[in-house]
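Written below as structure tokens is the structure these notes are about.
All values below come from the heavy atoms of this structure, side chains included, with hydrogens, waters and symmetry mates left out. Only a predicted model underlies this, so the values are computations on that prediction, with no experimental measurement involved. All ligand and atom numbering here is 1-based and tracks the order in the structure. For this chain, numbers begin at 1 and follow the sequence in order.
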Amino acid sequence: MKQAQIQLSIDDLPSKWYNIIPDLPGGLPSPKEPGDGESRLQALGRRMIGECLKQEVSDARWIDIPEGVRELYIQAGRPRPLYRAYRLEQRLGLKKVRLYYKREDLSPTGSHKVNTALAQAYYAAKEGKTVLVTETGAGQWGTALAYAASLMGLSTVVFWVRAVYDWKLERRTLMEMYGAKVHASPSNQTSFGRKMLSGDANHPGSLGIAVSEGLEYVDGSADRVYCLGSVLNHVLIHQSIIGLEAIKQFEQVDDSPDLVVGCLGGGSNFGGIALPFIGEVLAGKRECEFLAAQSEAAPNLVKGEYRYDFGDTAGHTPLLMMYTLGHETVMHPIKSDGLRYHAAAPIISALRHSGHVRAVALPRDEVSVFTAAKMFLESEGWLIAGESAHAVRAAIDEAKAAEAKGEEKCILINISGHGFLDIAAYRDVLRLGS
Ligand SMILES: Cc1ncc(COP(=O)(O)O)c(C=O)c1O
């Protein structure tokens with residue numbers, strides 16, 4: 001019997017996260033102060049979770065996952081299965097290429113974001129914080145944090161990019177059901193939001209602006225703490241649980257990927273699946289390539305410059321060495337809005353610079369991307385998020401190219417989220433229904 005599903009037992013849940021920083025060739029460039037105004041590093045120290053900041057600069061290769069976080073991971077359904085895409089392979093007529101996908105879409109709120117949300121909520125509660133403040137683009141991160149906060153008895157304030165807030169009513173309601181207070185960003189809650197609104201009362205917002213608003217809002221009370229859903233080192237460390245599980249699952253079926261594909265906005269799901277494999281490549285234990293699938297709306301790794309830049313629009317963060325389009329760049333809204341961020345995580349940027357990561361930017365109209373997701377739905381049965389559809393499109397293109405050349409290849413795709421709250425995007429992009 002062909003078994004599409006590769007499970008791990010709960011006893012196989014990893015007990016440590018992987019931190020790639022000590023293994024990076026040439027190390028990771030340190031954050032810098034911009035040289036004007038207050039120290040951004042000190043401000044982060046005040047605004048963020050202490051344990052996360054410690055992990056941000058840790059040079060330990062392995063970081064213990066606290067028992068309380070492991071309990072939360074199990075509650076949230078970890079370990080998550082790996083699937084062999086037999087039916088998609090058949091649909092594509094593949095004879096030489098094997099496709100696998102990791103199921104981060106099976107999380108309670110629908111994405112990989114819960115992996116760091118649960119850790120951050122756990123640490124925040126231990127540090128006596130009661131209000132978690134954040135930004136969100138697609139809405140997946142805001143929902144994940146609201147869920148994690150709810151489980152830990154905390155509350156959440158979310159600044160949500162207005163262009164998406166306006167059309168994702170169901171996701172907004174879900175966040176509110178978890179107890180979150182959700183503001184469309186730019187908002188009138190902060191001076192930066194008011195400044196943006198005075199320039200354009202219908203400003204569509206951006207992740208960079210939402211981060212600026214959240215950081216400013218945290219300063220209003222000592223109970224509040226800022227939680228970031230991507231880009232920073234500690235977020236990628238928490239997400240490494242994805243790749244660590246996948247490595248064990250491939251061992252079970254005695255196979256190994258030649259190519260790992262993930263979509264990339266800021267870099268957290270791509271880092272989560274890829275970094276444990278890249279660590280083994282750097283240690284000379286395996287050969288594998290890595291491909292980040294982006295949107296032409298925000299092709300930070302494809303067209304960005306590798307230089308120091310702010311993580312937010314107002315310049316509240318320290319300067320980070322990243323592939324960036326510029327922190328003030330206006331990016332065209334897309335349906336897969338989680339991919340619309342101006343820069344890629346410093347860790348992923350360093351690995352792109354050292355030639356370990358490739359990147360591709362897919363068309364902004366998203367037709368080819370949602371078409372691939374529909375093919376995935378028809379053959380595998382699962383409805384995936386628009387962001388994840390970018391990874392599926394890129395993987396299908398790679399699979400077809402390898403097959404045409406007669407190359408044998410094993411491709412692993414990360415399915416970062418489900419698309420149950422993105423049906424309107426499918427309808428609009430593919431012009432479905434009446
Ligand atoms: C389902 C999903 N995938 C991917 C992303 C992109 O973020 P990251 O690059 O941090 O994984 C998002 C962001 O909101 C998302 O919701």
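The closest donor-acceptor contact from the side chain of Glu127 to the backbone of Ile49 lies at 3.5 Å or more, if one exists at all.
Polar contact with ligand 1: absent for Glu387 (N/O pair, distance under 3.5 Å). For the pair Gly265 and ligand 1, the shortest N or O to N or O distance falls below 3.5 Å. Of the polar atoms of Ser111, none of the N or O atoms is found under 3.5 Å from an N or O of ligand 1, judged by distance alone. Residue Asn269 has at least one nitrogen or oxygen atom sitting less than 3.5 Å from a nitrogen or oxygen atom of ligand 1, judged on distance alone. Considering backbone and side-chain N/O of Gly266, one or more are found under 3.5 Å from N/O of ligand 1. Taking only nitrogen or oxygen atoms, main chain and side chain alike, Leu339 does not reach within less than 3.5 Å of ligand 1.
Contact atoms of ligand 1 toward Ala138: 14 (O), 16 (O) (distance under 4.0 Å to a heavy atom of the residue). Close contacts of ligand 1 with Ser268, meaning ligand atoms under 4.0 Å from a residue heavy atom, involve 8 (P), 9 (O), 10 (O), 11 (O). Remark: ligand 1 atoms within the under-4.0 Å shell around heavy atoms of Gly267 are 8 (P), 9 (O), 10 (O). When each atom of ligand 1 is checked for a heavy atom of Cys263 under 4.0 Å away, the hits are 3 (N), 4 (C). Short contacts between ligand 1 and Leu264, defined as distances under 4.0 Å to a heavy atom of the residue, involve ligand atoms 9 (O).
In terms of protein heavy atoms, atom 3 (N) of ligand 1 is closest to Ser416 OG, 2.7 Å. When hydrogens are left out, the protein atom nearest atom 6 (C) of ligand 1 is Gly338 O, 3.4 Å; that is the closest non-hydrogen contact. The protein heavy-atom contact nearest to atom 10 (O) of ligand 1 is Ser230 OG, 2.5 Å.
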Inset, instruction - Tell me, with the steps shown, if His238 and Trp17 meet ring pair (Phe, Tyr, Trp, His ring centres under 6.0 Å). - result: CA-CA 6 Å; His238 300 157; Trp17 290 299; 4.6 Å; yes

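Relative to the ring axis of Tyr217, Arg224 places its NZ or CZ within 45° and under 6.0 Å from the centre. By the 6.0 Å and 45° rule, Arg286 does not stack over the aromatic ring of Phe277.
Residue Lys374 places its NZ atom among 12 or fewer non-hydrogen atoms of other residues, nucleotides or ligands, all under 6.0 Å distant.
Looking at Lys335, Arg427, Arg171, Lys168 one by one, the single match for salt bridge (Lys or Arg N to Asp or Glu O under 4.0 Å) with Asp422 turns out to be Lys168. Each of Tyr426, Trp382, Tyr101 was compared with Phe376 under the ring pair (Phe, Tyr, Trp, His ring centres under 6.0 Å) criterion, and only Tyr101 meets it.
For the residue pair Glu135/Ser185, the side-chain donor-acceptor check at 3.5 Å is not satisfied. A donor-acceptor contact closer than 3.5 angstrom is absent between the side chains of Gln55 and Asn19.
Ring-plane geometry between His316 and Phe192 is classed as perpendicular, the angle between the planes exceeding 60 degrees on a 0 to 90 degree scale with a lower cut at 30.
Ligand 1 lies within reach of His112, whose nearest heavy atom is under 4.0 Å from it.
Closest to atom 12 (C) of ligand 1 by heavy atom, among His418, Gln140, Arg340, Lys113, is Lys113.
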